[in-house]
Trainee: 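My structure is below; once you've seen it, I'll send some questions.
Below, chains carry the letters A, B, ... as their sequence lines are ordered, and counting in each starts from 1. Values below: all heavy atoms of this structure, side chains included; hydrogens, waters and symmetry mates excluded. All figures in this text were calculated on a predicted structure; none of them were measured in a lab.
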There are 2 protein chains.
Amino acid sequence: MIELEQILKKNNVKPTAMRLLVLQFLLNKKSAISLTDVEDYFVKSDRTTLYRTLKTFVESELAHKIDDGTGITKYALCEENCHCEIETDLHLHFHCKLCNETSCLTDHKIPNISLPKNFIAEDVNLVVKGICNKCNSN
Amino acid sequence: MIELEQILKKNNVKPTAMRLLVLQFLLNKKSAISLTDVEDYFVKSDRTTLYRTLKTFVESELAHKIDDGTGITKYALCEENCHCEIETDLHLHFHCKLCNETSCLTDHKIPNISLPKNFIAEDVNLVVKGICNKCNSN
DNA sequence: TAGTGTATGCAATGGAAGTGCATTAATTTG
DNA sequence: CAAATTAATGCACTTCCATTGCATACACTA
Ligand SMILES: [Mn+2]
Ligand SMILES: [Mn+2]
Ligand SMILES: [Zn+2]
Ligand SMILES: [Zn+2]
């Protein structure tokens with residue numbers, strides 16, 4: 001678990017006990033998680049602490065926030081060397097209506113969007129809703 | 001203003017006084033509006049009525065809901081013959097960080113999104129945030 | 001005109017994000 | 001090591017918006 005510490009330190013986040021645990025939790029998840037998910041798992045910790053832990057992760061570019069349209073903010077760890085850049089890092093997010101899971105399709109980068117004259121793009125959010133591969137095979 | 005009635009009737013919405021007024025309000029707006037926008041304009045009407053009016057419009061495909069990432073639901077009238085179909089009707093939405101306005105770029109349809117094997121797309125939300133043409137020229 | 005269904009208004013609820021402040025833990029400094 | 005400073009945590013509270021329940025008013029039909 002020294003590795004966990006390294007990850008945090010690399011991003012200039014002090015490795016507190018709580019942060020290590022939340023990081024581990026995130027690492028184990030293949031799909032994006034909500035604050036409530038973390039809260040339900042770490043029942044003994046305070047919601048605010050968990051909230052701020054996630055916030056810290058996002059601010060230090062360890063994780064990114066996902067607005068999947070459900071109204072509940074999701075979080076997922078960033079890929080190695082991600083800086084959430086619009087051209088290189090931003091990717092498609094998929095929300096399954098059946099299992100209700102949101103996942104990062106990191107291989108599917110946001111396509112180039114042409115905008116009308118004089119519009120400047122600084123951020124893009126692309127969410128596809130539908131049925132995921134797991135639910136589709138049932 | 002008989003035209004307004006026609007629009008509502010065409011979509012099987014009974015043309016009450018309130019609905020006609022809200023429809024007119026939407027027609028006059030070039031950018032998307034929030035429930036609070038409507039509420040601020042029609043100060044004498046109840047918020048719930050306005051809320052349900054917008055809901056009715058969305059359900060009868062007269063308008064569409066827009067999740068622009070601000071956390072505040074926006075509404076805009078649909079184009080003629082729109083059925084909010086994923087291939088033909090869904091379009092790009094732009095949110096300006098400066099003037100805080102969200103607009104429908106109806107000429108910019110959602111590009112074809114390739115998904116991994118066995119994923120089914122049923123809905124897509126594409127929002128670009130940045131600086132709009134008006135704010136850019138200042 | 002009576003009766004039925006829909007629309008409206010008011011009050012209350014719910015869910016989630018975010019903040020203020022006191023307390024505790026960690027770190028720095030003398 | 002002890003005192004002082006800084007950072008992290010926990011608890012209570014707030015805010016904001018979406019949504020619902022229910023009573024009343026209105027519109028339309030038989
Ligand atoms: Mn992602
Ligand atoms: Mn639109
Ligand atoms: Zn699924
Ligand atoms: Zn603008």
Side-chain angles (χ1 to χ4, degrees), chain A residues 4-5 7-9 11-26 32-60 62-76 95 100 102 125 127, chain B residues 4-5 7-9 11-26 32-60 62-76 95 100 102 125 127:
Chain A
L4 292 175
E5 284 203 29
I7 296 176
L8 291 182
K9 282 179 181 171
N11 288 63
N12 300 310
V13 176
K14 284 189 196 172
T16 67
M18 203 61 250
R19 286 170 179 171
L20 289 167
L21 289 168
V22 173
L23 176 59
Q24 177 120 67
F25 180 72
L26 277 165
I33 53 99
S34 67
L35 173 57
T36 306
D37 291 334
V38 189
E39 199 187 346
D40 290 346
Y41 188 79
F42 298 104
V43 279
K44 311 194 66 173
S45 325
D46 185 72
R47 218 191 83 250
T48 312
T49 304
L50 298 169
Y51 167 74
R52 286 197 265 238
T53 298
L54 292 172
K55 192 181 179 191
T56 300
F57 284 4
V58 170
E59 284 167 354
S60 44
L62 208 65
H64 58 280
K65 258 181 166 174
I66 304 167
D67 174 9
D68 61 8
T70 59
I72 297 162
T73 305
K74 305 287 166 59
Y75 301 86
H95 177 76
N100 211 32
T102 298
N125 188 29
V127 180
Chain B
L4 292 175
E5 284 202 31
I7 297 176
L8 291 182
K9 282 179 181 169
N11 288 65
N12 300 311
V13 176
K14 284 190 196 169
T16 68
M18 202 64 251
R19 286 169 179 172
L20 289 167
L21 288 168
V22 173
L23 177 58
Q24 175 121 67
F25 180 72
L26 277 165
I33 54 99
S34 67
L35 172 57
T36 306
D37 290 333
V38 190
E39 199 188 350
D40 289 346
Y41 189 79
F42 296 105
V43 279
K44 309 194 71 174
S45 327
D46 186 71
R47 179 188 174 75
T48 313
T49 304
L50 298 169
Y51 168 73
R52 286 196 267 236
T53 298
L54 292 172
K55 193 181 178 189
T56 301
F57 284 4
V58 170
E59 284 167 356
S60 43
L62 207 66
H64 57 281
K65 258 181 165 174
I66 304 167
D67 174 9
D68 61 7
T70 59
I72 298 162
T73 305
K74 304 288 165 59
Y75 301 86
H95 176 75
N100 213 31
T102 298
N125 187 30
V127 179

Trainee: Which whole-number value in Å describes the distance from B:K14 NZ to C:dT4 P?
Mentor: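 From B:K14 NZ to C:dT4 P: 16 Å.
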Trainee: Take the protein atom CG of A:L20 and the nucleotide atom C1' of D:dT9, then report the distance between them rounded to whole Å.
Mentor: 15 Å
Trainee: Nearest-Å distance, CG (A:N12) to P (D:dA8)?
Mentor: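 Atom CG in A:N12 sits about 12 Å away from atom P in D:dA8.
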Trainee: Grab the CZ-P distance between A:R19 and C:dA25 for me, whole Å please.
Mentor: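 Distance check: A:R19 CZ to C:dA25 P gives 16 Å.
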Trainee: Report the distance from atom NZ of B:K55 to atom OG1 of B:T48, rounding to the nearest 0.5 Å.
Mentor: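 Rounded to the nearest 0.5 Å, the NZ-OG1 separation comes out at 11.5 Å.
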Trainee: Partners of B:F25 by ring pair (Phe, Tyr, Trp, His ring centres under 6.0 Å), sequence neighbours excluded?
Mentor: B:Y41, B:F42
Trainee: Side chain to side chain contact (heavy atoms under 4.5 Å, CB included) between A:V38 and A:L54: does it pass, once the steps are laid out?
Mentor: CA-CA 9 Å; A:V38 189; A:L54 292 172; 4.1 Å; yes
Trainee: Under a 4.0 Å heavy-atom cut-off, which of residues 68-76 of chain B touch DNA chain D?
Mentor: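 Contacts with DNA chain D under 4.0 Å: B:I72, B:T73.
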Trainee: What's the CD1-P distance between A:I66 and C:dA17, to the nearest Å?
Mentor: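 After rounding, the reported distance stands at 13 Å.
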Trainee: Examine C:dT8: is either OP1 or OP2 under 4.0 Å from a nitrogen or oxygen in the side chain of B:T16? Give yes or no.
Mentor: yes
Trainee: Round to a whole Å and report the spacing from CG of A:L8 to P of D:dA8.
Mentor: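 Going from A:L8 (CG) to D:dA8 (P), I get 12 Å.
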Trainee: Starting at atom CG of A:D37, determine the distance to atom C1' of C:dA17, rounded to an integer number of angstrom.
Mentor: 16 Å
Trainee: For a quick check under 3.5 Å, do B:S60 and B:N11 share a side-chain donor-acceptor pair by atom type?
Mentor: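 B:N11 and B:S60 do not have a side-chain donor-acceptor pair below 3.5 Å.
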Trainee: Which residues within residues 45-59 of chain A lie with some heavy atom under 4.0 Å of an atom in DNA chain D?
Mentor: A:D46, A:T48, A:T49, A:R52
Trainee: Side chains of B:T36 and B:R47: closer than 4.5 Å at any heavy-atom pair?
Mentor: yes
Trainee: Taking it one step at a time, do A:Y51 and A:D46 satisfy side chain to side chain contact (heavy atoms under 4.5 Å, CB included)?
Mentor: CA-CA 9 Å; A:Y51 167 74; A:D46 185 72; over 6 Å; no
Trainee: Do the non-hydrogen side-chain atoms of B:I7 and B:L62 ever get within less than 4.5 Å of each other?
Mentor: yes
Trainee: Using modelled atom types and a 3.5 Å cut-off, is there a donor and acceptor pairing between side-chain atoms of A:R19 and backbone atoms of A:V13?
Mentor: no
Trainee: Tell me the interatomic distance from B:M18, atom CE, to D:dA25, atom P, rounded to whole angstroms.
Mentor: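 B:M18 atom CE is separated from D:dA25 atom P by 19 Å.
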Trainee: Tell me whether B:N125 contacts the main-chain N or O of A:G69 through its side chain, where contact means a donor paired with an acceptor under 3.5 Å.
Mentor: no
